[in-house]
Amino acid sequence: MTVIRENPARTLTVRPVAGHIGADVDGVDLARPLGGDVVAELKDALHAHRVLFFRGQHLDHAAQIAFGRQFGDLTYAHPHDDTPPEGHPEIFTIDPRRYEERYGPDYRAQNRRRQYSYFTGWHTDVTAAVNPPAGSILRADVVPEFGGDTQWTNLVAAYEGLSEPVRAFVDTLRAEHRYGGSDRPAGDGAYARRVNDNLLVAVHPVVRVHPATGEKGLFVNPGFTSHIVGLSPRESHAVLELLYAEITRPEYTVRFRWAPGSVAFWDNRATAHLAPRDLEHLDVERRLHRVTLIGDRPVG
Ligand code: AKG
């Protein structure tokens, strides 16, 4: 356990919760202005642990937006979400019950049958943007009695775990990331049409240098990476599957059990995450709200 700040009122503590990624943070009320020192300490903790977990917080939409803004400018909800809560265009709500409204009536049933590869579902947020989000802050509002955990993985550890010749090879590569367009699984809902009509495409280095820490990390993910530039489709598929197998190795991951009031703050420049898929056959409520920090163009 590292005690990183003490004041007469409280002690801010950061406790790692897994070997490669994740820390619980106590002693801070996210609904209050943090002050420059605490912002700097939380940034350092985020860079060291990649995802920070806070429990028992009392944020509403406005307070979550205010918390996020202390770390940078926020994106509007999501490039394809046109239904943020009234008056809070920065809030992206994750609620599987909305997916059928968005994609069409049998979306969840279709999604259960759909399995592109062993790694389906793992992603880093919106890497098909030219400047993908730097970080995301997700707050649990309604959680099911069981299930619905989220997992994160450390992309720096995944890169560092590769053998030297493979690191030297992937250092030279660039990959295309794509979101939307007609190759996406369609539904007949308004959201699906919006995704299909609004294509995002960007080419990024496969190995990204973290702008704050200078560390190298893998920057490909099964959610958005379409192919590696310059390789044949077969070669690209084989290389990406190899990298995805490394990225999703259990030892690089952490799994978080949500409770109402929990908040996870992750660094999109050094992590990928897996939204839960264990509830798709159950009609249970799960609602979380995200704000998203605008990022830089990735540099290799
Ligand atoms: C995201 O915010 O990008 C997610 O994948 C949501 C994670 C979750 O629903 O737990």
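Just follow the structure's listing: the first ligand is 1, and inside any ligand the first atom is 1. All figures in this text were calculated on a predicted structure; none of them were measured in a lab. Computed over heavy atoms, backbone and side chain alike; hydrogens, waters and symmetry mates excluded.
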Derivation of the salt bridge (charged side-chain N to carboxylate O under 4.0 Å, His left out) call for Glu164 and Arg167
CA-CA 5 Å; Glu164 198 282 326; Arg167 263 184 282 150; over 6 Å; no
Angle between ring planes, Phe54 versus Phe67, binned at 30° and 60°: parallel, tilted or perpendicular?
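Judged by the thresholds at 30° and 60°, the geometry between Phe54 and Phe67 is perpendicular.
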Please verify the inter-ring angle class for Phe256 with Phe53; under 30° counts as parallel, over 60° as perpendicular, anything in between as tilted.
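Parallel, since the angle between the ring planes stays under 30°.
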Can you tell me how far the CG atom of Asn268 sits from the CG atom of Asp125, to the nearest 0.5 Å?
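Taking CG in Asn268 and CG in Asp125, the distance rounds to 4.5 Å.
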Considering the heavy atoms of [X], write down every atom of ligand 1 situated less than 4.0 Å from one of them.
X	answer
Thr150	8 (C), 10 (O)
Asp125	1 (C), 3 (O)
Arg286	8 (C), 9 (O), 10 (O)

Is it the side chain, the backbone, both or neither of Pro276 that has a heavy atom closer than 4.0 Å to ligand 1?
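For Pro276, the contact with ligand 1 is made by the side chain alone.
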Before signing off on this row, confirm whether His273 and ligand 1 have an N or O atom pair separated by under 3.5 Å.
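By distance alone, the answer is yes.
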Look at atom 5 (O) of ligand 1 and find which of Arg287, His123, Arg277 reaches it with the closest heavy atom.
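Minimum heavy-atom distance to atom 5 (O) of ligand 1 goes to His123.
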Can Asp267 and Arg50 be counted as an ion pair, charged N to O under 4.0 angstrom?
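The answer is no: the pair does not qualify as a salt bridge.
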